[in-house]
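Written out below as structure tokens is the structure these notes cover.
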Amino acid sequence: FWFKNGALDVKTDRWNCHFKRRSNHFSCSIVIEMDLKVLIVEDEVMIAEMLREMLVAEGVLMVESATSYSEALKLLANQSFDLAVLDVNIGAGKSGIDLGEVIRAKYKMSIVYATSFSDSSSLASIASLKPDMYISKPYRLSDIRAALQIVKSNRVEHGNIEIKKGGEILKIPVNAIRYVKTDNIYLTIFTETKRYIVRSTLESFLEEFRMCNLLKVHRSYAVAIDKVDRLMDGFLIIGADEIPVSKANRKEIAELFKV
């Protein structure tokens, strides 16, 4: 942590917290860091910088910018990205729509188109490419947050969740997860054959991945519903493991399993 000019900054491998003195108390803002790589293609440098700052404020660790079709292709050739935010009108020459066609054909990433135009021909061209999202300029924080959520959801839908552990990226098959257990600031992910221990709370894990088959059944446990064998005496049975169900959740769980 650092203390400077009346402010305290605390940093972990999962989040940053900035405390700032206001009158006789400190206010705190927390940013959860996301292991995402975003490419911005925008010919107006000031607008691109504003968008970059919005992404960084939302916890994105890596943002690259290009001002043209050719510059974007060079970046794409040398590194991978999770999300491309493409301005439809990027000056003379090939457009953001042209670039989107190349990205869709050659690379695996989410694509968001941005334009200040709302004419039917532009919208039809964008729609034909089946983008993950279309947003209108100027950029709004709510749209940026929605785009980042789409990226995270796409990661899960493609069969794996990706978790950063130190300098390593763990890829865990979604359909292999049986349940997760929290122990203070550490989380254990139990699969059919392995255990993965990561630095995370249960709440932040569920919020980040929002997997529809994971249900929190206890303050320390969430289970994959499709892996549960039966409910017995306040426990969910998954193979040889017994997962406790809190009293507050027992009625809901019983209804879910029609007990």
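Because the structure is a prediction, the values reported are computed rather than measured.
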According to a 4.5 Å side-chain heavy-atom criterion applied to Ile, Leu, Val, Met, Phe, Trp and Tyr, with indirect links allowed, do [X] and [Y] form part of one hydrophobic cluster?
| X | Y | answer |
| --- | --- | --- |
| M232 | V223 | no |
| L73 | L39 | yes |
| I189 | Y186 | no |
| I197 | I185 | yes |
| V45 | V63 | no |

NZ (K94) with more than 12 external heavy atoms under 6.0 Å: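 12 or below, so no.
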Evaluate whether atom CZ of R219 has more than 12 neighbouring non-hydrogen atoms of other residues, nucleotides or ligands under 6.0 angstrom away.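 Check fails, neighbour count at 12 or below.
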Should L86 and I103 be marked as a side-chain contact (heavy atoms from CB on, under 4.5 Å) after you check the CA-CA gap, both sets of side-chain angles, and the distance that decides it? CA-CA 11 Å; L86 309 179; I103 291 175; 4.1 Å; yes
What verdict does the salt bridge (Lys or Arg N to Asp or Glu O under 4.0 Å) test give for E49 and R52, after you've listed the backbone C-alpha separation in whole Å, the side-chain angles of each residue and the deciding distance to 0.1 Å? CA-CA 5 Å; E49 178 59 21; R52 188 195 71 81; 3.0 Å; yes
Is E64 paired with K37 through a side-chain N to carboxylate O contact shorter than 4.0 Å?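 Result for this pair is no, no salt bridge flagged.
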Check ion pair K74-E71 (N to O, under 4.0 angstrom):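 No.
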Would a 4.5 Å heavy-atom cut-off, applied to side chains only, mark I237 and E242 as touching?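 Yes - at least one pair of side-chain heavy atoms lies under 4.5 Å apart.
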Provide the closest heavy-atom pair for V41 versus A72 in the form atom of the first, atom of the second, distance.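 What the structure gives for the nearest pair is CG2-CB, 3.8 Å.
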CG on L231 to CG on L236, rounded to 0.5 Å: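 Spacing of CG (L236) from CG (L231) equals 5.5 Å.
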Between D241 and Y179, is any side-chain donor less than 3.5 angstrom from a side-chain acceptor?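 The answer is yes; a qualifying pair exists.
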